[in-house]
Amino acid sequence: MKAATALLFASVLILAAGGAFAQSSESGERTFNQQCKTCHTVEKDGKSPVGPNLFGVIGRKAATAAGYEFSDAMKKSGITWDEASLADYLKDPKAKVPDGKMAFVGLKRPPQVADVIAYLKKVAQ
Ligand code: HEC
């Protein structure tokens, strides 16, 4: 009986976590549309209107998106984008890549950063 209760409890937790993830990528999409979309697209082979296309950016080396002229600072940054480096960059782009050319002040609320990263992950699946 005890084991069954534990199992039930575990599946409730998993369901709750799944729901939270869905919610955060949705709010990340809103934030992206409001704060990033003027400069970035996320579709596969999307355009690079002002900033580089961000499809599949997580796991990619910085400044390697095709068809975009990055700043020297970004080219020399040596960053490979993962959740931690992206979080740092999105919080304060000029601190993470001084002399980079992303004219964006940064996302000031930590949940917004996590949600946008969740959204970037989701659209690349
Ligand atoms: C005013 C235009 C602008 C806005 C707004 C903007 N960016 Fe950028 N972004 C750029 C530019 C320009 C670069 C290229 C930076 C460089 O070469 O130094 C860039 C680079 C990036 C990179 C590095 C890409 C790579 O392939 O190395 C990521 C990731 C990124 N932006 C994410 C975002 C996200 C997420 C937002 C919204 C929270 C955002 N940006 C808002 C213009 C913008």
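Sequential numbering from 1 along the given sequence is applied to the chain's residues. Every number for a ligand or one of its atoms is a count from 1 in the order of the listing.
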Polar side-chain atom of [X] near backbone of [Y] as donor-acceptor pair, under 3.5 Å:
X      : Y      : result
Tyr68  : Val50  : yes
Asp92  : Val105 : no
Ser71  : Met74  : yes
His40  : Ser48  : no
Thr41  : Lys47  : yes
Lys108 : Lys91  : yes

Distance-only polar pair, side chains of Ser85 and Asp88, donor-acceptor under 3.5 Å: no
For [X], counting its heavy atoms only, list the atoms of ligand 1 lying under 4.0 Å from any of them.
X      : answer
Ala62  : 27 (O)
Val116 : 35 (C)
Phe70  : 17 (O), 25 (C), 26 (O), 27 (O)
Leu90  : 32 (C), 33 (C), 34 (C), 35 (C)
Gly100 : 18 (O)
Ala63  : 25 (C), 26 (O), 27 (O)

Heavy atom under 4.0 Å from ligand 1: found in [X]'s side chain, backbone, both, or neither?
X      : result
Leu86  : side chain
Thr64  : neither
Leu107 : side chain

Protein contact of atom 25 (C) of ligand 1 - nearest heavy atom, named by residue and atom, plus distance: Trp81 NE1, 3.4 Å
Heavy-atom nearest neighbour of atom 12 (C) of ligand 1 within options Phe32, Tyr68, Tyr89: Tyr68
Salt bridge present between Glu69 and Lys101 (N-O < 4.0 angstrom): no
Charged N-O contact under 4.0 Å between Lys122 and Glu29: no
Close approach of Ala73 to ligand 1, heavy atoms, under 4.0 angstrom: no
Contact check, Arg60 vs ligand 1, heavy-atom distance below 4.0 Å: yes
Results of side-chain hydrogen bond (donor to acceptor under 3.5 Å, both in side chains) for Lys76 - residues two or more places apart only: none
Partner residues of Thr31 under the side-chain hydrogen bond (donor to acceptor under 3.5 Å, both in side chains) criterion, sequence neighbours left out: none
Nearest-0.5 Å distance that lies between atom NZ in Lys37 and atom CG in Leu54: 12.5 Å
Atoms of protein origin (N, O or S) under 2.8 Å from atom 8 (Fe) of ligand 1: His40 NE2, Met102 SD
Under 3.5 Å: N/O of Ser71 near N/O of ligand 1: yes
Any residue meeting ring-ring contact (aromatic ring centres under 6.0 Å, His included) with Phe104, in chain and number order, not counting sequence neighbours: none
